[in-house]
2 protein chains.
Amino acid sequence: MKRFAEKNLCENCPSRGQSVFHNYPKEQLAEVDRDKSCFLMKRGEIVFNEGNMPHGIYCIKKGKIKIYKTGNEGKDQIIRFAKEGDVIGYRALLSGEKYSSSASCLEETEVCFIPKTALLSMFSGHSCLAMNLMKVACHELGEASKIITNLAQKSTRERLAEIILVLKENFGLDKDGAIDVNLTREELANMVGTATESVIRLISDFKDEGLIELQGKKIIPKNISALIKTGKIVEA
Amino acid sequence: MKRFAEKNLCENCPSRGQSVFHNYPKEQLAEVDRDKSCFLMKRGEIVFNEGNMPHGIYCIKKGKIKIYKTGNEGKDQIIRFAKEGDVIGYRALLSGEKYSSSASCLEETEVCFIPKTALLSMFSGHSCLAMNLMKVACHELGEASKIITNLAQKSTRERLAEIILVLKENFGLDKDGAIDVNLTREELANMVGTATESVIRLISDFKDEGLIELQGKKIIPKNISALIKTGKIVEA
DNA sequence: TGAAAAACATGACAAATGTCATTTTCCCAT
DNA sequence: ATGGGAAAATGACATTTGTCATGTTTTTCA
(Lines give C-alpha, C1' and ligand atoms only; values in the text may rest on other atoms or scores of the structure.)
Protein backbone atom coordinates (compact mmCIF):
# COMPACT_ATOMS: atom_id res chain seq x y z
CA MET A 1 0.00 0.00 0.00
CA LYS A 2 1.42 3.30 -1.05
CA ARG A 3 0.30 6.29 0.97
CA PHE A 4 0.62 9.69 -0.61
CA ALA A 5 3.16 11.95 0.99
CA GLU A 6 3.39 15.69 0.96
CA LYS A 7 4.95 16.97 -2.28
CA ASN A 8 7.98 19.09 -1.62
CA LEU A 9 9.90 20.93 -4.32
CA CYS A 10 12.61 18.95 -6.11
CA GLU A 11 14.70 22.08 -6.00
CA ASN A 12 14.92 21.82 -2.22
CA CYS A 13 15.23 18.03 -2.06
CA PRO A 14 18.22 17.23 0.15
CA SER A 15 19.08 14.18 -1.94
CA ARG A 16 19.10 15.96 -5.29
CA GLY A 17 22.78 16.85 -4.99
CA GLN A 18 23.86 13.22 -5.35
CA SER A 19 21.22 12.28 -7.88
CA VAL A 20 21.09 12.18 -11.67
CA PHE A 21 19.20 15.49 -11.42
CA HIS A 22 22.07 17.34 -9.75
CA ASN A 23 22.89 19.36 -12.87
CA TYR A 24 19.36 19.72 -14.17
CA PRO A 25 18.30 23.37 -14.52
CA LYS A 26 16.34 24.46 -11.47
CA GLU A 27 13.76 26.40 -13.43
CA GLN A 28 12.74 23.28 -15.33
CA LEU A 29 12.47 21.19 -12.18
CA ALA A 30 9.11 22.85 -11.69
CA GLU A 31 7.74 20.65 -14.46
CA VAL A 32 8.75 17.58 -12.47
CA ASP A 33 7.12 19.03 -9.39
CA ARG A 34 3.91 19.33 -11.35
CA ASP A 35 3.91 15.75 -12.67
CA LYS A 36 5.40 13.74 -9.84
CA SER A 37 3.60 11.86 -7.05
CA CYS A 38 5.27 11.21 -3.72
CA PHE A 39 4.71 8.23 -1.43
CA LEU A 40 5.57 7.29 2.11
CA MET A 41 6.23 3.59 2.59
CA LYS A 42 7.08 1.25 5.44
CA ARG A 43 9.43 -1.71 5.77
CA GLY A 44 8.31 -4.60 3.63
CA GLU A 45 6.14 -2.51 1.31
CA ILE A 46 6.68 -3.00 -2.40
CA VAL A 47 7.57 -0.15 -4.75
CA PHE A 48 7.27 -2.28 -7.87
CA ASN A 49 6.95 -5.91 -8.69
CA GLU A 50 8.88 -8.13 -11.10
CA GLY A 51 6.87 -8.89 -14.22
CA ASN A 52 4.85 -5.67 -14.28
CA MET A 53 5.19 -2.98 -16.93
CA PRO A 54 6.85 0.26 -15.79
CA HIS A 55 5.18 3.63 -16.30
CA GLY A 56 7.88 5.85 -14.90
CA ILE A 57 10.80 5.88 -12.53
CA TYR A 58 11.07 6.31 -8.77
CA CYS A 59 13.44 8.73 -7.16
CA ILE A 60 14.31 7.99 -3.54
CA LYS A 61 14.05 10.97 -1.26
CA LYS A 62 14.74 9.12 1.96
CA GLY A 63 15.14 5.52 3.08
CA LYS A 64 16.57 2.22 1.86
CA ILE A 65 15.29 -0.21 -0.73
CA LYS A 66 16.33 -3.70 -1.79
CA ILE A 67 16.13 -4.71 -5.43
CA TYR A 68 15.65 -8.44 -5.76
CA LYS A 69 14.63 -11.13 -8.17
CA THR A 70 12.57 -14.15 -7.22
CA GLY A 71 13.97 -17.47 -8.44
CA ASN A 72 11.69 -20.22 -9.60
CA GLU A 73 11.85 -22.02 -6.27
CA GLY A 74 10.40 -18.87 -4.72
CA LYS A 75 13.70 -17.84 -3.18
CA ASP A 76 14.72 -14.21 -3.54
CA GLN A 77 18.09 -13.04 -4.76
CA ILE A 78 19.05 -9.52 -3.78
CA ILE A 79 20.67 -7.80 -6.75
CA ARG A 80 21.49 -4.44 -5.20
CA PHE A 81 20.34 -1.72 -2.83
CA ALA A 82 19.16 1.81 -3.41
CA LYS A 83 19.01 4.75 -1.03
CA GLU A 84 18.56 8.55 -0.89
CA GLY A 85 19.33 10.14 -4.22
CA ASP A 86 19.15 6.91 -6.20
CA VAL A 87 16.72 6.35 -8.98
CA ILE A 88 15.09 2.92 -9.46
CA GLY A 89 12.98 1.38 -12.15
CA TYR A 90 14.85 3.07 -14.99
CA ARG A 91 16.18 -0.18 -16.37
CA ALA A 92 12.78 -1.57 -17.31
CA LEU A 93 11.48 1.77 -18.51
CA LEU A 94 14.41 2.55 -20.76
CA SER A 95 14.72 -0.95 -22.19
CA GLY A 96 11.00 -1.12 -22.83
CA GLU A 97 10.75 -4.36 -20.85
CA LYS A 98 8.87 -5.55 -17.79
CA TYR A 99 10.47 -5.08 -14.40
CA SER A 100 13.13 -7.78 -14.14
CA SER A 101 13.15 -7.48 -10.39
CA SER A 102 11.11 -6.20 -7.47
CA ALA A 103 11.79 -3.35 -5.09
CA SER A 104 10.92 -3.50 -1.41
CA CYS A 105 11.53 -0.98 1.36
CA LEU A 106 13.92 -1.92 4.16
CA GLU A 107 12.75 0.91 6.41
CA GLU A 108 10.48 3.96 6.34
CA THR A 109 11.06 5.30 2.84
CA GLU A 110 9.86 8.22 0.77
CA VAL A 111 9.83 7.90 -3.01
CA CYS A 112 8.71 10.20 -5.81
CA PHE A 113 7.22 8.74 -8.97
CA ILE A 114 8.08 10.52 -12.23
CA PRO A 115 5.89 9.42 -15.14
CA LYS A 116 7.46 8.23 -18.38
CA THR A 117 6.18 11.16 -20.45
CA ALA A 118 7.63 13.68 -18.02
CA LEU A 119 10.96 11.89 -18.01
CA LEU A 120 11.19 11.71 -21.78
CA SER A 121 10.41 15.38 -22.16
CA MET A 122 13.15 16.05 -19.63
CA PHE A 123 15.53 14.07 -21.82
CA SER A 124 14.88 16.25 -24.81
CA GLY A 125 14.95 19.41 -22.73
CA HIS A 126 18.36 18.81 -21.29
CA SER A 127 20.48 15.96 -22.63
CA CYS A 128 22.74 15.74 -19.59
CA LEU A 129 19.98 13.91 -17.74
CA ALA A 130 20.00 11.09 -20.29
CA MET A 131 23.78 10.98 -20.11
CA ASN A 132 23.69 10.83 -16.33
CA LEU A 133 21.28 7.93 -16.45
CA MET A 134 23.39 6.22 -19.08
CA LYS A 135 26.38 6.59 -16.81
CA VAL A 136 24.49 5.06 -13.90
CA ALA A 137 23.30 2.15 -16.01
CA CYS A 138 26.79 1.50 -17.36
CA HIS A 139 28.31 1.70 -13.92
CA GLU A 140 25.76 -0.80 -12.63
CA LEU A 141 26.67 -3.14 -15.46
CA GLY A 142 30.25 -3.13 -14.25
CA GLU A 143 29.09 -3.85 -10.71
CA ALA A 144 26.98 -6.72 -12.00
CA SER A 145 29.98 -8.32 -13.69
CA LYS A 146 31.87 -8.18 -10.39
CA ILE A 147 28.97 -9.84 -8.60
CA ILE A 148 28.76 -12.54 -11.25
CA THR A 149 32.46 -13.29 -10.95
CA ASN A 150 32.30 -13.41 -7.17
CA LEU A 151 29.31 -15.74 -7.15
CA ALA A 152 30.99 -18.01 -9.66
CA GLN A 153 34.43 -18.12 -8.11
CA LYS A 154 34.43 -17.27 -4.42
CA SER A 155 33.42 -19.47 -1.51
CA THR A 156 30.45 -18.65 0.67
CA ARG A 157 32.75 -17.53 3.44
CA GLU A 158 34.63 -15.17 1.14
CA ARG A 159 31.42 -13.72 -0.27
CA LEU A 160 29.98 -13.06 3.17
CA ALA A 161 33.14 -11.26 4.30
CA GLU A 162 33.06 -9.13 1.18
CA ILE A 163 29.38 -8.33 1.58
CA ILE A 164 29.86 -7.21 5.17
CA LEU A 165 32.45 -4.73 3.90
CA VAL A 166 30.24 -3.62 1.02
CA LEU A 167 27.33 -3.00 3.39
CA LYS A 168 29.59 -1.01 5.67
CA GLU A 169 30.70 1.20 2.75
CA ASN A 170 27.21 1.53 1.40
CA PHE A 171 25.24 2.26 4.55
CA GLY A 172 27.84 3.36 7.05
CA LEU A 173 27.85 2.70 10.77
CA ASP A 174 25.40 3.78 13.47
CA LYS A 175 26.38 5.24 16.83
CA ASP A 176 27.31 1.77 18.15
CA GLY A 177 29.57 1.05 15.21
CA ALA A 178 27.08 -1.42 13.73
CA ILE A 179 26.24 -1.49 10.03
CA ASP A 180 23.33 0.87 9.64
CA VAL A 181 20.83 -1.24 7.74
CA ASN A 182 18.11 -3.56 8.93
CA LEU A 183 18.63 -6.93 7.27
CA THR A 184 17.62 -10.37 8.48
CA ARG A 185 19.98 -13.33 8.23
CA GLU A 186 17.71 -14.61 5.50
CA GLU A 187 18.14 -11.40 3.51
CA LEU A 188 21.89 -11.62 4.03
CA ALA A 189 21.76 -15.17 2.69
CA ASN A 190 19.77 -13.94 -0.29
CA MET A 191 22.56 -11.52 -1.04
CA VAL A 192 25.42 -13.98 -0.52
CA GLY A 193 23.59 -16.63 -2.49
CA THR A 194 23.54 -19.36 0.12
CA ALA A 195 21.30 -20.96 2.75
CA THR A 196 20.20 -18.95 5.78
CA GLU A 197 21.77 -21.51 8.11
CA SER A 198 25.10 -21.14 6.36
CA VAL A 199 25.09 -17.39 6.91
CA ILE A 200 24.19 -17.85 10.57
CA ARG A 201 27.03 -20.32 11.05
CA LEU A 202 29.53 -18.11 9.27
CA ILE A 203 28.52 -15.09 11.32
CA SER A 204 29.15 -17.14 14.47
CA ASP A 205 32.55 -18.13 13.09
CA PHE A 206 33.41 -14.52 12.22
CA LYS A 207 32.47 -13.52 15.75
CA ASP A 208 34.60 -16.28 17.29
CA GLU A 209 37.50 -15.21 15.09
CA GLY A 210 37.15 -11.57 16.13
CA LEU A 211 36.32 -10.31 12.63
CA ILE A 212 33.02 -8.87 13.82
CA GLU A 213 31.03 -8.32 16.97
CA LEU A 214 27.29 -8.61 17.38
CA GLN A 215 24.90 -6.10 18.84
CA GLY A 216 21.70 -8.11 18.88
CA LYS A 217 21.38 -9.11 15.27
CA LYS A 218 23.33 -6.13 14.01
CA ILE A 219 26.87 -6.61 12.82
CA ILE A 220 29.79 -4.52 14.06
CA PRO A 221 32.81 -4.88 11.78
CA LYS A 222 35.82 -5.17 14.07
CA ASN A 223 38.88 -6.34 12.22
CA ILE A 224 38.63 -4.74 8.80
CA SER A 225 41.94 -5.95 7.42
CA ALA A 226 41.10 -9.51 8.44
CA LEU A 227 37.74 -9.15 6.70
CA ILE A 228 39.50 -7.94 3.57
CA LYS A 229 41.82 -10.89 3.74
CA THR A 230 39.01 -13.36 4.41
CA GLY A 231 37.06 -11.91 1.50
CA LYS A 232 40.13 -12.15 -0.75
CA ILE A 233 39.49 -8.60 -1.85
CA VAL A 234 41.95 -7.05 -4.27
CA GLU A 235 40.68 -3.67 -5.38
CA ALA A 236 42.03 -2.19 -8.56
CA MET B 1 48.07 -8.26 -32.32
CA LYS B 2 45.52 -6.36 -34.29
CA ARG B 3 46.02 -6.38 -38.05
CA PHE B 4 44.37 -3.65 -40.03
CA ALA B 5 41.59 -4.78 -42.32
CA GLU B 6 40.21 -3.14 -45.39
CA LYS B 7 37.77 -0.35 -44.50
CA ASN B 8 34.39 -0.92 -46.08
CA LEU B 9 31.53 1.56 -45.89
CA CYS B 10 29.30 1.32 -42.81
CA GLU B 11 26.40 1.97 -45.12
CA ASN B 12 26.97 -1.39 -46.80
CA CYS B 13 27.87 -3.31 -43.66
CA PRO B 14 25.74 -6.45 -43.57
CA SER B 15 25.52 -6.34 -39.78
CA ARG B 16 24.34 -2.74 -39.57
CA GLY B 17 20.67 -3.75 -39.78
CA GLN B 18 20.75 -5.42 -36.34
CA SER B 19 23.04 -2.88 -34.75
CA VAL B 20 22.52 0.28 -32.73
CA PHE B 21 23.26 2.14 -35.97
CA HIS B 22 20.32 0.68 -37.86
CA ASN B 23 18.37 3.93 -37.80
CA TYR B 24 21.30 6.29 -38.07
CA PRO B 25 21.08 8.55 -41.15
CA LYS B 26 23.12 7.09 -43.99
CA GLU B 27 24.56 10.42 -45.07
CA GLN B 28 26.13 10.93 -41.66
CA LEU B 29 27.62 7.45 -41.59
CA ALA B 30 30.31 8.85 -43.85
CA GLU B 31 31.78 10.60 -40.81
CA VAL B 32 32.16 7.24 -39.10
CA ASP B 33 33.79 5.83 -42.20
CA ARG B 34 36.33 8.61 -42.00
CA ASP B 35 37.20 8.12 -38.32
CA LYS B 36 36.97 4.38 -37.83
CA SER B 37 39.73 1.78 -38.01
CA CYS B 38 38.99 -1.83 -38.89
CA PHE B 39 40.86 -4.89 -37.66
CA LEU B 40 41.01 -8.54 -38.54
CA MET B 41 41.64 -10.81 -35.58
CA LYS B 42 42.08 -14.53 -34.94
CA ARG B 43 40.87 -16.85 -32.20
CA GLY B 44 42.44 -15.99 -28.88
CA GLU B 45 43.39 -12.45 -29.83
CA ILE B 46 42.38 -9.72 -27.42
CA VAL B 47 40.21 -6.76 -28.42
CA PHE B 48 40.61 -5.00 -25.08
CA ASN B 49 41.89 -5.84 -21.68
CA GLU B 50 40.35 -5.44 -18.22
CA GLY B 51 41.88 -2.51 -16.36
CA ASN B 52 42.77 -0.39 -19.39
CA MET B 53 41.12 2.90 -20.22
CA PRO B 54 38.75 2.88 -23.22
CA HIS B 55 39.17 5.35 -26.07
CA GLY B 56 36.21 4.33 -28.16
CA ILE B 57 33.90 1.43 -28.89
CA TYR B 58 34.21 -1.62 -31.12
CA CYS B 59 31.53 -2.62 -33.56
CA ILE B 60 31.62 -6.25 -34.64
CA LYS B 61 31.33 -6.74 -38.37
CA LYS B 62 31.85 -10.49 -38.33
CA GLY B 63 32.81 -13.14 -35.83
CA LYS B 64 32.29 -14.05 -32.18
CA ILE B 65 33.78 -12.58 -29.04
CA LYS B 66 33.72 -13.57 -25.38
CA ILE B 67 33.55 -10.91 -22.69
CA TYR B 68 35.11 -12.16 -19.48
CA LYS B 69 36.46 -11.03 -16.18
CA THR B 70 39.51 -12.53 -14.51
CA GLY B 71 39.00 -13.44 -10.86
CA ASN B 72 41.79 -12.96 -8.37
CA GLU B 73 42.80 -16.63 -8.53
CA GLY B 74 43.46 -16.06 -12.24
CA LYS B 75 40.34 -17.93 -13.29
CA ASP B 76 38.18 -16.32 -15.97
CA GLN B 77 34.45 -15.82 -15.71
CA ILE B 78 32.63 -15.37 -19.00
CA ILE B 79 30.05 -12.62 -18.61
CA ARG B 80 28.53 -12.66 -22.06
CA PHE B 81 29.17 -13.07 -25.78
CA ALA B 82 29.05 -10.64 -28.66
CA LYS B 83 28.71 -11.27 -32.36
CA GLU B 84 27.97 -9.56 -35.70
CA GLY B 85 26.14 -6.29 -35.18
CA ASP B 86 26.96 -6.03 -31.49
CA VAL B 87 28.90 -3.18 -30.03
CA ILE B 88 31.39 -3.81 -27.22
CA GLY B 89 33.36 -1.59 -24.91
CA TYR B 90 30.58 0.96 -24.53
CA ARG B 91 30.11 0.25 -20.84
CA ALA B 92 33.54 1.48 -19.82
CA LEU B 93 33.49 4.39 -22.24
CA LEU B 94 30.09 5.71 -21.18
CA SER B 95 30.65 5.24 -17.45
CA GLY B 96 34.07 6.86 -17.67
CA GLU B 97 35.66 3.84 -16.02
CA LYS B 98 38.34 1.33 -16.96
CA TYR B 99 37.32 -1.80 -18.80
CA SER B 100 35.72 -4.06 -16.18
CA SER B 101 36.29 -7.08 -18.37
CA SER B 102 38.32 -8.31 -21.31
CA ALA B 103 37.22 -9.24 -24.81
CA SER B 104 38.76 -12.11 -26.73
CA CYS B 105 37.90 -13.50 -30.16
CA LEU B 106 36.46 -17.00 -30.39
CA GLU B 107 37.08 -17.25 -34.13
CA GLU B 108 38.24 -15.13 -37.06
CA THR B 109 36.64 -11.78 -36.27
CA GLU B 110 36.48 -8.35 -37.87
CA VAL B 111 35.91 -5.32 -35.65
CA CYS B 112 35.73 -1.60 -36.35
CA PHE B 113 36.99 0.85 -33.76
CA ILE B 114 35.04 4.10 -33.43
CA PRO B 115 36.90 6.74 -31.39
CA LYS B 116 35.22 8.44 -28.44
CA THR B 117 35.11 11.86 -30.07
CA ALA B 118 33.42 10.50 -33.18
CA LEU B 119 30.87 8.66 -31.07
CA LEU B 120 30.04 11.66 -28.93
CA SER B 121 29.56 13.85 -31.96
CA MET B 122 27.24 11.19 -33.34
CA PHE B 123 25.24 11.39 -30.10
CA SER B 124 24.60 15.07 -30.51
CA GLY B 125 23.94 14.73 -34.21
CA HIS B 126 21.21 12.17 -33.84
CA SER B 127 19.89 11.36 -30.37
CA CYS B 128 18.41 7.99 -31.34
CA LEU B 129 21.90 6.50 -31.25
CA ALA B 130 22.29 7.39 -27.58
CA MET B 131 18.84 5.99 -26.89
CA ASN B 132 19.66 2.77 -28.73
CA LEU B 133 22.81 2.34 -26.68
CA MET B 134 20.89 3.12 -23.50
CA LYS B 135 18.39 0.45 -24.44
CA VAL B 136 21.16 -2.09 -25.00
CA ALA B 137 22.81 -1.23 -21.69
CA CYS B 138 19.52 -1.49 -19.81
CA HIS B 139 18.66 -4.76 -21.47
CA GLU B 140 22.05 -6.16 -20.50
CA LEU B 141 21.41 -5.11 -16.91
CA GLY B 142 18.29 -7.25 -16.90
CA GLU B 143 20.24 -10.17 -18.33
CA ALA B 144 22.87 -9.72 -15.65
CA SER B 145 20.28 -9.96 -12.90
CA LYS B 146 19.06 -13.25 -14.37
CA ILE B 147 22.61 -14.58 -14.43
CA ILE B 148 23.18 -13.51 -10.84
CA THR B 149 20.02 -15.26 -9.69
CA ASN B 150 20.89 -18.42 -11.59
CA LEU B 151 24.40 -18.55 -10.18
CA ALA B 152 23.10 -18.00 -6.68
CA GLN B 153 20.20 -20.42 -6.77
CA LYS B 154 20.60 -23.11 -9.39
CA SER B 155 22.75 -26.23 -9.23
CA THR B 156 25.67 -26.73 -11.58
CA ARG B 157 23.67 -29.29 -13.53
CA GLU B 158 20.77 -26.89 -13.97
CA ARG B 159 23.04 -24.06 -15.05
CA LEU B 160 24.79 -26.20 -17.65
CA ALA B 161 21.49 -27.33 -19.16
CA GLU B 162 20.35 -23.72 -19.35
CA ILE B 163 23.60 -22.54 -20.89
CA ILE B 164 23.45 -25.21 -23.59
CA LEU B 165 20.03 -23.84 -24.55
CA VAL B 166 21.21 -20.25 -24.39
CA LEU B 167 24.17 -21.04 -26.65
CA LYS B 168 21.86 -22.77 -29.09
CA GLU B 169 19.60 -19.70 -29.25
CA ASN B 170 22.50 -17.32 -29.43
CA PHE B 171 24.70 -19.00 -32.03
CA GLY B 172 22.37 -21.42 -33.77
CA LEU B 173 23.24 -24.84 -35.15
CA ASP B 174 25.68 -25.83 -37.86
CA LYS B 175 24.93 -28.31 -40.65
CA ASP B 176 25.35 -31.26 -38.28
CA GLY B 177 22.95 -29.82 -35.73
CA ALA B 178 25.77 -28.92 -33.34
CA ILE B 179 25.93 -25.58 -31.53
CA ASP B 180 27.83 -23.28 -33.84
CA VAL B 181 30.47 -21.86 -31.55
CA ASN B 182 33.96 -23.04 -30.72
CA LEU B 183 34.22 -23.32 -26.94
CA THR B 184 36.47 -25.56 -24.87
CA ARG B 185 35.14 -27.41 -21.84
CA GLU B 186 37.15 -24.98 -19.77
CA GLU B 187 35.39 -22.03 -21.33
CA LEU B 188 32.07 -23.73 -20.76
CA ALA B 189 33.05 -24.16 -17.12
CA ASN B 190 33.98 -20.48 -16.98
CA MET B 191 30.49 -19.66 -18.10
CA VAL B 192 28.68 -22.08 -15.79
CA GLY B 193 30.84 -21.05 -12.88
CA THR B 194 32.24 -24.43 -11.96
CA ALA B 195 35.30 -26.66 -12.39
CA THR B 196 36.23 -27.94 -15.84
CA GLU B 197 36.00 -31.53 -14.62
CA SER B 198 32.45 -30.95 -13.40
CA VAL B 199 31.37 -29.72 -16.82
CA ILE B 200 33.03 -32.71 -18.49
CA ARG B 201 31.24 -35.12 -16.17
CA LEU B 202 27.89 -33.42 -16.63
CA ILE B 203 28.26 -33.47 -20.41
CA SER B 204 28.89 -37.20 -20.19
CA ASP B 205 25.79 -37.57 -18.04
CA PHE B 206 23.70 -35.52 -20.45
CA LYS B 207 24.89 -37.71 -23.28
CA ASP B 208 24.05 -40.90 -21.38
CA GLU B 209 20.62 -39.50 -20.61
CA GLY B 210 19.99 -38.63 -24.26
CA LEU B 211 19.73 -34.87 -23.67
CA ILE B 212 22.57 -34.18 -26.07
CA GLU B 213 24.82 -35.96 -28.52
CA LEU B 214 28.47 -35.26 -29.15
CA GLN B 215 30.16 -34.62 -32.45
CA GLY B 216 33.78 -34.57 -31.40
CA LYS B 217 33.66 -31.93 -28.68
CA LYS B 218 30.78 -30.08 -30.22
CA ILE B 219 27.42 -30.41 -28.57
CA ILE B 220 24.27 -31.43 -30.44
CA PRO B 221 21.16 -30.62 -28.41
CA LYS B 222 18.85 -33.62 -28.82
CA ASN B 223 16.03 -33.56 -26.31
CA ILE B 224 15.15 -29.90 -25.94
CA SER B 225 12.18 -30.32 -23.62
CA ALA B 226 14.27 -32.49 -21.31
CA LEU B 227 16.98 -29.83 -21.33
CA ILE B 228 14.40 -27.21 -20.42
CA LYS B 229 13.18 -29.41 -17.60
CA THR B 230 16.71 -30.19 -16.40
CA GLY B 231 17.56 -26.50 -16.46
CA LYS B 232 14.35 -25.68 -14.54
CA ILE B 233 13.63 -22.96 -17.04
CA VAL B 234 10.41 -21.02 -16.66
CA GLU B 235 10.36 -18.19 -19.14
CA ALA B 236 8.07 -15.24 -18.51
C1' DT C 1 1.67 -6.77 27.95
C1' DG C 2 1.65 -11.31 26.73
C1' DA C 3 0.78 -14.84 23.22
C1' DA C 4 1.95 -16.08 18.59
C1' DA C 5 4.92 -15.66 14.95
C1' DA C 6 9.17 -14.77 13.10
C1' DA C 7 13.95 -14.86 13.38
C1' DC C 8 18.09 -16.85 15.18
C1' DA C 9 20.98 -20.65 16.49
C1' DT C 10 23.05 -25.32 16.50
C1' DG C 11 23.61 -30.33 15.59
C1' DA C 12 23.68 -34.30 12.56
C1' DC C 13 23.80 -35.86 8.33
C1' DA C 14 23.38 -36.05 3.14
C1' DA C 15 24.41 -34.32 -1.21
C1' DA C 16 26.90 -31.57 -4.35
C1' DT C 17 31.06 -29.97 -5.96
C1' DG C 18 36.05 -29.32 -6.09
C1' DT C 19 40.79 -31.20 -6.32
C1' DC C 20 44.41 -34.08 -7.69
C1' DA C 21 46.17 -37.75 -10.37
C1' DT C 22 46.31 -40.31 -14.49
C1' DT C 23 45.13 -41.80 -19.07
C1' DT C 24 43.29 -40.98 -23.63
C1' DT C 25 42.18 -38.25 -27.52
C1' DC C 26 42.47 -34.50 -30.48
C1' DC C 27 44.47 -30.62 -32.84
C1' DC C 28 47.78 -27.97 -35.13
C1' DA C 29 52.31 -26.18 -36.34
C1' DT C 30 56.52 -27.70 -38.31
C1' DA D 1 52.06 -36.58 -41.90
C1' DT D 2 53.38 -36.52 -37.53
C1' DG D 3 55.13 -35.46 -32.91
C1' DG D 4 54.23 -32.59 -29.11
C1' DG D 5 51.15 -30.06 -26.42
C1' DA D 6 46.63 -28.99 -25.27
C1' DA D 7 42.16 -30.59 -24.28
C1' DA D 8 39.04 -34.15 -22.77
C1' DA D 9 37.86 -37.88 -19.93
C1' DT D 10 37.58 -40.61 -15.69
C1' DG D 11 38.49 -42.29 -10.91
C1' DA D 12 39.21 -41.57 -5.99
C1' DC D 13 38.71 -38.76 -2.49
C1' DA D 14 38.29 -34.38 0.40
C1' DT D 15 35.71 -30.44 1.33
C1' DT D 16 32.03 -27.44 1.17
C1' DT D 17 27.46 -26.53 1.40
C1' DG D 18 22.62 -27.66 1.90
C1' DT D 19 18.79 -29.85 4.39
C1' DC D 20 16.12 -31.23 8.13
C1' DA D 21 15.15 -31.28 12.84
C1' DT D 22 14.85 -28.99 17.01
C1' DG D 23 15.32 -25.56 20.57
C1' DT D 24 15.91 -20.67 21.89
C1' DT D 25 15.39 -15.82 21.49
C1' DT D 26 13.39 -11.77 19.69
C1' DT D 27 9.79 -9.12 17.62
C1' DT D 28 5.23 -7.95 16.60
C1' DC D 29 0.77 -6.47 17.36
C1' DA D 30 -3.99 -7.45 19.13
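On a predicted model such as this, the values are computed, not experimentally measured, just so you know. Lettering follows sequence order; numbering is per chain, from 1.
- The side chain of A:Thr196 contributes no N or O atom lying less than 4.0 Å from OP1 or OP2 of C:dA7.
- Ionic pairing of A:Lys146 and A:Glu143 is present here: one or more N-O contacts between side-chain nitrogen and carboxylate oxygen are shorter than 4.0 angstrom.
- With respect to A:Glu162 and A:Lys232, no salt bridge is recorded, no charged nitrogen being found less than 4.0 Å from a carboxylate O.
- Taking A:Glu108 as the reference, nothing meets the salt bridge (Lys or Arg N to Asp or Glu O under 4.0 Å) condition, with sequence neighbours excluded.
- For A:Lys75, there are no salt bridge (Lys or Arg N to Asp or Glu O under 4.0 Å) partners at least two apart in sequence or on another chain.
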Tell me, with the steps shown, if B:Tyr68 and B:Ser101 meet side chain to side chain contact (heavy atoms under 4.5 Å, CB included). CA-CA 5 Å; B:Tyr68 61 97; B:Ser101 44; 5.9 Å; no

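- Shown are B:Ile220, B:Ile164, B:Asn223; of these, the side-chain contact (heavy atoms from CB on, under 4.5 Å) with B:Ile212 is made only by B:Ile164.
- A close approach under 4.0 Å does occur between a side-chain nitrogen or oxygen of A:Ser204 and OP1 or OP2 of C:dT10.
- Contacts classified as ring pair (Phe, Tyr, Trp, His ring centres under 6.0 Å) and involving residues 157-198 of chain A (residues at least two apart or in different chains) are given here: A:Phe81-A:Phe171.
- With respect to B:Arg3 and B:Glu45, a salt bridge is recorded, a charged nitrogen being found less than 4.0 Å from a carboxylate O.
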Which parts of nucleotides 20-30 of chain C does protein reach within less than 4.0 Å, heavy atoms only, written one letter per nucleotide 5' to 3' as B for base, S for sugar-phosphate only and - for none? B-----S----

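- Atom OG1 of residue B:Thr194 and atom CG of residue B:Leu188 lie 10.5 Å apart, to the nearest 0.5 angstrom.
- Taking atom CZ of residue A:Phe206 and atom C1' of nucleotide C:dA9, one finds them 17 Å apart after rounding to whole Å.
- Nucleotides of DNA chain D that come within less than 4.0 Å of any heavy atom of chain B span, from the 5' end to the 3' end, D:dA7 to D:dA12.
- Contact between B:Lys64 and B:Thr109 at its shortest, heavy atoms only, is N-OG1, 3.3 Å.
- The salt bridge (Lys or Arg N to Asp or Glu O under 4.0 Å) check on A:Arg43 picks up A:Glu187, with sequence neighbours excluded.
- Screening residues 174-224 of chain B for ring pair (Phe, Tyr, Trp, His ring centres under 6.0 Å), with sequence neighbours left out, gives no hits.
- We find that CG of A:Leu214 is positioned 11 Å from P of C:dC8, with the value rounded to whole Å.
- Evaluation of the salt bridge (Lys or Arg N to Asp or Glu O under 4.0 Å) rule for B:Arg157 yields B:Glu209 as partners, not counting sequence neighbours.
- With sequence neighbours excluded, the residues forming a side chain to side chain contact (heavy atoms under 4.5 Å, CB included) with A:Ala137 are A:Tyr90, B:Cys138, B:Leu141, listed by chain and number.
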Candidate pair B:Lys7 and B:Asp33, rule side chain to side chain contact (heavy atoms under 4.5 Å, CB included), full reasoning: CA-CA 8 Å; B:Lys7 268 169 71 164; B:Asp33 287 324; 5.6 Å; no

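- Scanning residues 147-157 of chain B for heavy-atom distances under 4.0 Å to DNA chain C yields B:Ser155, B:Thr156.
- Rounded to 10°, the helix from C:dT1-D:dA30 to C:dT30-D:dA1 has 60° between the axis fitted to its first five pairs and the one fitted to its last five.
- Within a heavy-atom distance below 4.0 Å of DNA chain C, no residue of residues 65-79 of chain A is found.
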